Engineer: 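Got a structure for you, written out below as structure tokens; questions coming shortly.
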Amino acid sequence: RKNNSLSMTADIYNQIPSVEKVHRGDQMDGLLYPAKKIPPIAKSDTEQEKASQNVTSSKVDPLLKPNTETTPTSLTSDFKQKVVNILLKYSSGLWANALPKLYQDAYQVKFPEDILNNLELLSDVCVVDYVSEAPRKAILYAKPQRRIDENLNVTEKVQRQDGVKATAEQQYEESKDQYPENITVPPLIIPSEGSVSVMVLELKNTNEVLIRYVGKDYSSAQEQMEDDMKAYYSQNSTVSLAQSLSVEQLVAVHAEEDAWLRARIISLEDNRIKVCYVDHGFSEFVESNSVYKLQKQFHSLPFQAAKCKLAGLEVFCDDPVLVKAVESQTCSKIFAVEILEKSDIPLLVLYDTSGEDDININATCLKALYDKSLELHLQADALYTNVRVTSVFSDGSLYCQVPSKGLSRLSEILQKLEDYFHYKQTPEFNVSLPFCGKICLFPSKGRWARVEIRIIHTRRALDVQFLDTGTVATVKVSELREIPPQFLREVIAIPPQAIKCCLADLPPNTGMWTPDAVLWLRDTVMNCPEFSMKVVKQDGSKAIAHVYLFAPENFPDMDHSVNRKIKNADLWKHQKDVFLSVTPSGTTSTKVTSDAVSALRLTSGRLEKSFSDSSRELSSAVSTIDMPPPLPLSKTGELMDVYVSVACHPGHFILQPWKELHNLEALMEEMILYYSRAEEKPVNIEKNKLYAAKIENQWYRVIIKGILRNGFLSVYELDYGKHEFVSIEKVQPLMDTFRKLPFQAITAQLAGVKSQQWSEEASIVFRNLVEKKPLVAQIQSVNESTNSWDRKIVTFLVDTSLPDTDIWIHDFVSQSLVEFSKDD
């Protein structure tokens, strides 16, 4: 999900990978590991006998083998894969001490505590980053690897291929044995979340949506079965038509396009038989000469067409407007799925992931119930008065409320809710099943407010967006309330009253908004109770209005508009554009935003020499400059604008100095230009030495932390504070030109809170509170080190993005996150 507060850095990070990824791009596919032991899967008796000969005792512990505690082979591949599955959910790392509880919660099996004293047992599947001498004080990162499934299914694939070799005649002879006509087909097992997608087949209401699961053990197994059916029935001339047909009987139908499908008979009318295809969900009439007896071997796969309910739409399941909206959005399409409840008819949330942003289908279709008469459409060149600015985000965008019929109706219904809850506060209105896109109520400033759940961190903490102010906040699940049923339609019918706007006609070359500009805008608009507003244009594709804002006394004097004042203010200094010559043949229009960083001031002649002599320079791998100068920090007690690139918990996060981000962008661009033209040569790799590494089409300054098997390296990104894995083929010498800018990653811990073992829930909430956000830091102390990347600061953090107040992060941590840790 995209955070509005990040869009101010969209330009500068356009070519920089997401912080949340532990590994990137094709490395997932390219990394090979030694063969792992394969747990048994559907082995025959003979195979099981062979396997038993390799096992010393049938009493062997399923996780640990006896007397081999010091080697990685003492852990089964199944156990390691379960650990990896957990670590993949925490791309910024997971404290080792948190692993036992997460493992037990996920698999209902006790985690072997001895492993925490010897984390090297997991070194072949994860990176162990020790942060102190204590063996358990470490952060674990999942290594990129091929899906173990690909190896585990070898036996299954061999068996299937052997089965195909069996002739159709042999299968027919086996099937001639007498067996009951009503053989039971096994029930469909609801898959684990993330393992499959779903295809929507049809719906009559949103509580009975017909779907098919798309995945290895579902649609793939069905396709294989139908291929086997086609081979069997087409090669067996002696197969007879089904006799003595009856309603509810399972049969094989020779359908259109020479397909053979399983079906259930719905009705019998002379020679016309109505059947329902149990794996595809649709019904049709077929001729009796197309209906055959369903052989025994085709009864083993569960029926693939299944029903589900769409979460959040239950109360309105039969509403024709809603059903039509869902039908138009979903039928015959494939979606990612979130499974909220596993039952006979599971409760699902569908996501369309085909575009740049994931679209929550449930939440999107709910908008069909908006009362169109309450929608406010801003008109170009129109003037509006008594406008209230409710939120300002770090990209300069803001949310406004404009007096309207919808706003008046909202006020009325919220007052009704206030009166209702005043007399009736019962646990029945607590939110027991939160999910993304759910609309509920939250107490704010003495009144109830409508919020939509955006991100669920843990079972107790989540992010919501206030529908009528645009504000995003992290709250506890226990603070949310369900909308009482009698008010639900009224509350849902009112469209969101927060209108997204941006200030029109600001200079297009200002690039990203500076912290000074954002603070100036926030102070200006949030301290004024109302504004007048002129709409210049409406950008429908981005759902944002370009406006001029005026204090009431200045309307309509354009020179005194907020737009002109911020345009003329001295807030954009570090955004000057400079053009660098970047090709041997002359200058280009390639642009970098910078104050012409002295460390990167490259002349055309120097670049020409670099590119023409690239093979010689790269092969030498000798640097005259070992290390760049240390990064200057603000004095203790002074304020410093920063960007949080990685956050594990309050005791460990990574900062970047905000004022240097444009310098870093310039460096990244120059590295791309240089290494993309230079000839790649073999490099002499040494641990703890500096190199340039290509990671997802970007070049980064890294230090080698470890040399792994199969030609892969463990590296640490010195400007972003992340651990990565790269092929040795994607590492080159770091040239002198790129050693001048100080390394930008600053390791930090939060001041104002006691050091402690943070619970996983507290760590997740903290991460989502600060990670990938521009904040203000006030350094309390600096712990120096010989290597600049080992230096650590203790600092306060301040979030200035909220509309009403600045949030000191340590206050929030002390009041909220410490409580989470205590609860655990």
Side-chain angles (χ1 to χ4, degrees), residues 39-43 106-108 149 152-153 156 159-160 163 175 177 179-229 232 242 246-253 255 259-267 274-283 291-311 314 317 330 334-350 433:
I41 293 183
K43 290 188 177 180
Y107 303 110
Q108 285 74 53
D149 289 358
L152 295 183
N153 288 316
E156 183 181 355
Q159 290 176 335
R160 175 172 290 172
S175 68
D177 296 336
Y179 64 90
E181 286 291 341
N182 59 345
I183 287 181
T184 303
V185 175
L188 182 69
I189 298 175
I190 298 173
S192 59
E193 189 175 306
S195 63
V196 297
S197 303
V198 300
M199 171 181 278
V200 176
L201 304 175
E202 67 174 12
L203 74 153
K204 296 178 180 177
N205 64 64
T206 62
N207 282 348
E208 293 184 358
V209 180
L210 201 61
I211 62 170
R212 197 154 55 92
Y213 294 108
V214 179
K216 172 187 166 188
D217 296 321
Y218 296 86
S219 60
S220 297
Q222 175 194 332
E223 290 168 7
Q224 180 64 50
M225 179 197 69
E226 290 175 354
D227 287 344
D228 293 344
M229 288 178 66
Y232 177 84
S246 61
V247 175
E248 295 296 313
Q249 182 179 347
L250 288 180
V251 293
V253 175
W260 286 85
L261 308 177
R262 298 190 300 179
R264 186 188 299 278
I265 297 176
I266 297 176
S267 64
K274 188 174 185 181
V275 298
C276 174
Y277 295 109
V278 293
D279 300 308
H280 297 270
F282 68 94
S283 304
V291 180
Y292 290 76
K293 182 178 181 180
L294 185 66
Q295 298 300 312
K296 185 176 182 179
Q297 62 266 38
F298 304 125
H299 284 254
S300 60
L301 184 71
F303 300 146
Q304 296 299 296
K307 290 181 180 180
C308 75
K309 293 187 291 186
L310 298 185
E314 299 94 327
C317 64
T330 64
I334 296 176
F335 299 95
V337 61
E338 179 183 5
I339 303 173
L340 302 179
E341 285 182 349
K342 291 188 176 183
S343 57
D344 290 341
I345 301 181
L347 187 64
L348 308 182
V349 179
L350 304 181
L433 186 62

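Values in this document were obtained by computation on a predicted structure and should not be read as measured data.
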Engineer: Closest approach of Leu350 and Val337, non-hydrogen atoms and distance?
Structural biologist: CD2-CG2, 4.2 Å
Engineer: Please tell me if the side chains of Glu226 and Leu261 come closer than 4.5 Å, counting only heavy atoms from C-beta onward.
Structural biologist: yes
Engineer: What pair of heavy atoms forms the shortest contact from Asn205 to Cys317, and how long is it?
Structural biologist: CB-O, 3.1 Å
Engineer: Do you know the tightest heavy-atom contact between Ile266 and Ser283?
Structural biologist: CD1-OG, 3.5 Å
Engineer: At what distance, to the nearest 0.5 angstrom, does NZ of Lys307 lie from CG of Leu188?
Structural biologist: 13.5 Å
Engineer: Would you name the heavy atoms of Ser197 and Ile334 that are closest together and state the gap between them?
Structural biologist: CB-CG2, 3.7 Å
Engineer: Determine, step by step, whether Trp260 and Tyr292 satisfy the ring-ring contact (aromatic ring centres under 6.0 Å, His included) criterion, reporting the C-alpha distance in whole Å, the side-chain angles of both residues, the deciding distance to 0.1 Å, and the verdict.
Structural biologist: CA-CA 10 Å; Trp260 286 85; Tyr292 290 76; 5.1 Å; yes
Engineer: Nearest 0.5 Å please: distance from the CD1 atom of Ile211 over to the CG atom of Leu348.
Structural biologist: 5.0 Å
Engineer: Answer yes or no: is there a donor N or O on one side and an acceptor on the other, between the side chain of Arg262 and the main chain of Phe298, under 3.5 Å?
Structural biologist: yes
Engineer: For Glu248 and Ser246, indicate whether the former's side chain and the latter's backbone hold a donor-acceptor pair under 3.5 Å.
Structural biologist: no
Engineer: Rounded to the nearest 0.5 Å, what's the gap from OH on Tyr218 to CG on Leu301? Could you check?
Structural biologist: 10.0 Å
Engineer: Once you round to the nearest 0.5 Å, how far does CE of Met229 lie from CE of Met225?
Structural biologist: 5.5 Å
Engineer: Would you call Val349 and Leu310 a side-chain contact if the rule is heavy atoms closer than 4.5 Å?
Structural biologist: no
Engineer: Mind checking the NZ-CG spacing from Lys293 to Leu250? Nearest 0.5 Å is all I need.
Structural biologist: 12.5 Å
Engineer: Less than 4.5 Å apart, any side-chain heavy atom of Arg264 and any of Phe303?
Structural biologist: yes
Engineer: Just jot down the side chain to side chain contact (heavy atoms under 4.5 Å, CB included) partners of Glu223, sequence neighbours excluded, or say none.
Structural biologist: none
Engineer: For Ile345, is the CD1 atom crowded, meaning more than 12 foreign heavy atoms sit under 6.0 Å from it?
Structural biologist: yes
Engineer: Are side-chain heavy atoms of Ile265 and Val251 found at a separation under 4.5 Å?
Structural biologist: yes
Engineer: Does the side chain of Pro302 reach to within under 4.5 Å of the side chain of Pro187, using non-hydrogen atoms?
Structural biologist: no
Engineer: Measure the CG-CG distance between Leu210 and Leu203 for me, rounded to the nearest 0.5 Å.
Structural biologist: 9.5 Å
Engineer: Do any N or O atoms from the side chain of Arg212 and from the backbone of Met199 form a donor-acceptor pair under 3.5 angstrom?
Structural biologist: no
Engineer: How close do His280 and Leu201 get, heavy atom to heavy atom, and via which atoms?
Structural biologist: O-CD1, 3.2 Å
Engineer: Applying salt bridge (Lys or Arg N to Asp or Glu O under 4.0 Å) to Lys309 and Glu314, what does each step give before you reach the verdict?
Structural biologist: CA-CA 7 Å; Lys309 293 187 291 186; Glu314 299 94 327; 5.8 Å; no
Engineer: Is there a side-chain contact (heavy atoms from CB on, under 4.5 Å) between Tyr232 and Gln295? Walk through the geometry before answering.
Structural biologist: CA-CA 9 Å; Tyr232 177 84; Gln295 298 300 312; 3.3 Å; yes
Engineer: Please name the pair of heavy atoms, one in His299 and one in Leu294, separated by the smallest distance, quoted to 0.1 Å.
Structural biologist: NE2-O, 3.3 Å
